[in-house]
Protein chains: 2
Amino acid sequence: MKISELSDRSGLPVQTIKYYIREGLLPKGAATAATRAEYDGRHLDRLRLIRALREVGDLPIASVQQIVAAVDDEDIPLHQLLGTAQYALGPRAEPHREGPDWQAAREDVDAVVAELGWQVLPDAPTRDLLAQAFVALRRLGLPIVLSDLRPYIQAAELVADHEVGRLLVGDDREKAVQTAVATNVLYERVLIALRRMAQESASARRFDDG
Amino acid sequence: MKISELSDRSGLPVQTIKYYIREGLLPKGAATAATRAEYDGRHLDRLRLIRALREVGDLPIASVQQIVAAVDDEDIPLHQLLGTAQYALGPRAEPHREGPDWQAAREDVDAVVAELGWQVLPDAPTRDLLAQAFVALRRLGLPIVLSDLRPYIQAAELVADHEVGRLLVGDDREKAVQTAVATNVLYERVLIALRRMAQESASARRFDDG
DNA sequence: TCCAATTAGATAGCCCGACTATCTAATAGT
DNA sequence: ACTATTAGATAGTCGGGCTATCTAATTGGA
């Protein structure tokens, strides 16, 4: 299909599609002449993935770029892709790693992970993510105790087990990869939305019982 | 304290503090003269809250503004503040509410909420948030079935019950309010981080068992 | 008392991310 | 032959979140 058709079908302006090609999010079409290229369904799929990551996952272009690079890298086995996506997601804002606050928080995180026996790489960015939250809570005078953490841990294990359980659904890599990435980013949103609704509901039940 | 001291203690540049005052995130100091104002510990606390929301919660200034406005509004009872914060958080990107895709997704969401018997307002932005994720998943050819949703629902209820249970810790409004907001935003990050780590761990256990 | 330092308040500037617009050849289709 | 379309390059825009500068007033120390 022509780029104008790709634009129509995806709902994105031609210029935006060109921009994504420039940024390496989308492979360029097969050139049929100096000023002509042919696009196919895979381009359309990729655009849908990009938009999902951007609009729902709220990921910056740079993160999307890393993710699709991993998706396109045939050398990365499917079960590693999930981890790669984690790294691409990382902590959004670079944490200030200096100071005793950070030191202590990071040690707390490592202790929790060890305690749980979780197999998480020592330099996983998710550790920083958690430590960042710990630091902020502590600065607000709301230090975390393990008992507060327990429901979150339980919830995390609950969904993670389920997610990993349904990873190997097919052997079409493109599809499997999309499922993995979508699971990571989109179901994170699902979880967040459900938690907020459950909160509102529990709160309403608790207080507005009239 | 002087603004320079506030700057030192918070670690933020004076200009940034002034900017926050201009944007209404921080009340201005008590003027002692035309070019002098006095700041106190509450300003420092507020700055810490702002930074936590910005750096860990990754909220835009506009959302922080809504939240602190609710915090400052003495007319809002504590148990409503949580809901107010939800609204301020909202869906980050305005969803395209047109089209049958959206219609269907929104109906699915409403059906789920009704099915669960959750008390969630019909116009709660969290419904849109979830619908947005549903639309994206459907467009990627990964439609949601209720059985997939169940672990997430369970996890959401688990943490929400715990959170609402520990809401009324004290009667110092300022503190209680901070706890409520922090619970909402910061523990969301905690949950996300834990889920990602649990995923990595479960994945490692499943595949790297050598 | 005088002067360097500080500050409130206002205005303008900067940087980054994510597009969007324009321009130039070079075709394609009619 | 002529109009529409396109690849590729370059430049411009816009919003968000700060920074920098400037003015006039005031303070606090030598």
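Throughout, protein chains are lettered first and strands after them, A, B, ... in sequence-line order, and every chain is numbered starting at 1.
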One thing to verify: whether A:Lys2 and A:Glu38 come together as a salt bridge, which I'm taking to mean a side-chain N less than 4.0 angstrom from a carboxylate O.
no

Its contact letters, B for base, S for sugar-phosphate only and - for none at protein heavy atoms under 4.0 Å, make nucleotides 17-22 of chain D read BBBBB-

Whole angstroms only, please: what is the CD1-P distance between A:Ile21 and C:dC19?
14 Å

Please list residues of residues 24-44 of chain B whose heavy atoms come under 4.0 Å from any atom in DNA chain D, ordered by number; otherwise none.
B:Ala33, B:Ala34, B:Thr35, B:Arg36

Whole angstrom is fine here: how far is it from CD1 in A:Ile50 over to P in C:dG17?
18 Å

Taking only distance into account, with no hydrogens and no angle test, what donor-acceptor pairs under 3.5 Å do side-chain atoms of residues 14-35 of chain B form with protein atoms, sequence neighbours excluded?
from, atom 1, to, atom 2, distance (Å)
B:Tyr20, OH, B:Arg51, NH1, 2.4

Regarding B:Gln86 and A:Gln199, is there a side-chain donor-to-acceptor distance under 3.5 Å anywhere?
yes

Using salt bridge (Lys or Arg N to Asp or Glu O under 4.0 Å) as the criterion, list what pairs up with B:Asp101, not counting sequence neighbours.
B:Arg139

Please give, in whole Å, the distance from C:dG17 C1' to B:Arg92 CZ?
14 Å

Nearest whole Å is fine: how far is C:dA18 P from A:Glu23 CD?
9 Å

Applying side-chain hydrogen bond (donor to acceptor under 3.5 Å, both in side chains), name anything that partners A:Gln132, two or more places apart in sequence or on another chain.
none

Nucleotide C:dT7, atom C1' - distance to CE of B:Met1 in whole Å:
16 Å

Return the value, rounded to whole Å, for the distance between atom CG of A:Leu6 and atom C1' of D:dT6.
13 Å

Do other residues, nucleotides or ligands put more than 12 heavy atoms under 6.0 Å from A:Arg92 CZ?
yes

Excluding sequence neighbours, so at least two apart, what forms ring pair (Phe, Tyr, Trp, His ring centres under 6.0 Å) with B:Phe134?
none

Just to verify, which of A:Leu186, A:Asp45, A:Val181, A:Thr179 counts as forming a side-chain contact (heavy atoms from CB on, under 4.5 Å) with B:Leu140?
A:Leu186

